[in-house]
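Notes follow the structure.
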Amino acid sequence: VIVKNNTKPYGKIVLSLKNQLLPDDKLETTPSQTDGLENDIETDLRIYGCELIQTAGILLKLPQVAMATGQVLLQRFYYSKSLVRHPVEQTAMACICLASKIEEAPRRVRDVINVFTHIRQVTSNKTLTPVILDNNYIQLKNQVIKAERRVLKELGFCVHIKHPHKIIVMYLQVLGYEKHQQLMQYS
Amino acid sequence: MYCTVDKSHTSGAPATQARNAKDDMVDDEEWKNLGVGLPSGVTMREKKSGALSRMQKLKKRLSHSFGRLTVSKEDPEDHVSGKLPYNGYSDEFLDRLEPNGNIPEGKADLKYTDWNTVRGHNNRVVKRQLSVSSDSKLLDDDIREEARVILRPRKPPRPKSEVLLNNPGSEHRRTKRFSAFGGDSPFGKSEAYIKLEQLGEGSYATVYKGYSNLKNQVVALKEIRLQEEEGAPFTAIREASLLKELKHANIVTLHDIVHTRETLTFVFEYVVLGTPGEEDWPGVTTLPGYKPHKLGQYRPRKLGLYWPRLHDVVQGEAMATALLQLDPAHRLGADDAMCHPYFNGLPKKLLELPDDVSIFSVEGVHLYPEHYTAIK
């Protein structure tokens, strides 16, 4: 089902079309495009999802590695499933839950939902209200758990990702730039 | 347009009937015009009471072919008798498809639409439904209220990416799981494995002996209970993720993963050599992690049970078992193996052959090709 299982995990945010992970034909026609979603909108949604994960990760005090992992998971998931069918926000929640588990800093689903609700309230300039434990909440939680299961299934449990950041730092050290604060941070 | 319709109601009724019978599909525009034109037809009918029965027939006919026509020409009697409760449609009509297989106009507004039927048709159907729903403000408020009770939440049409998964020709319905979980791959489904007996239990999972219908072999099923609260436990994710990449003779292979709502099952190869004891692994009992009550005691099974071909070859099983001993002291060495009765069929001269001479120099030794499938 999944093509990328055979390749080594690689890369951080996969937004470029030149990507070593997936074959070009897989990249060109994503499932979302098959559903009639425009390329630009898809890219925007992907970026939105990744930014959600980044913001939520900071609020959840996760290590940066976890956010990167979550973003890679999200990107990969949407190369095998369509954005039309699977809402990006729920998948982002599932990805960050999963990433926190993978990077051994588990966060509860409850916390993730709280943080995502908070982000939504802040971005839409609403008054901040706590999440009420009602039917909606229970339903949302189940959806997140379900989405997590779906992500795991789609990625075939290949979720340990090797990030390039260390390699970049290593290269910088070889090049003698280890004192260069700005470049190191960019990695 | 108005004129022609009126005419057809007064004198040209048979002609209309014939036309109705001919084309089942009428353009949206055409029937809109008809709908507008009709009220005058109704007034005419009231004048001519003699033609009533014929007109009623016609009306029935029309209401069947052009659904919405009746909306504008409902007459008081029908309201009183309540025969046509939904926007002028009879119950019979509501349960009826148009002869071309489409759903009648406006029906989608009132009753839950089976999207599976709609899906097969082209854009035209969808377009028509849209035009009708925009007309729905024509409905009386109380009728709409009534309709709302019947309305079930509409399912959106399946996105194309998933429709494509379904074979358009195939009749049998795919379940939701089908598209959600990996297409029609036989793996990852709990139906493929039969649980036979429990082998062991830990705090984290239970291990069963099982049988795989896909590979027709005995497997070990490790069933992890999931807490509903937090999704898959990260220990399990880690285990699965790491085992997927590990392929080594000394590490048990992970065949498959079955993930359901309540359980997560890992399908492992079933190891046949049994639990190691002091006699085949000296010193194993003194190892820090050795807990026989946790491991369970399994006696080694005969290799021939798992690789039947070993049975067929004379001394094959004995030879393989002698070579596969864990304790090096009990394991058959290369020199002894050459003297094993397994090789009795070979000429004696082979054993005395110097190291630098090829065995094919001995008379009667040939290399036979063996089919790869036969080896396993």
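Lettering of chains follows the sequences in order, A, B, ..., and the numbering in each one begins at 1.
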Got more than 12 heavy atoms from elsewhere within 6.0 Å of CG, L128(A)?
yes
Can you pull the salt bridge (charged side-chain N to carboxylate O under 4.0 Å, His left out) pairs that have at least one residue in residues 117-138 of chain A, sequence neighbours excluded?
E89(A)-R120(A)
Using non-hydrogen atoms and a 4.5 Å limit, figure out which bit of L264(B) sits close to chain A: side chain, backbone, both or neither.
side chain
Quick check: closest heavy atoms across K101(A) and I237(B), and the distance to 0.1 Å?
CD-CD1, 3.9 Å
From H259(B) atom NE2 to E148(A) atom CD, the distance as rounded to the nearest 0.5 Å
7.5 Å
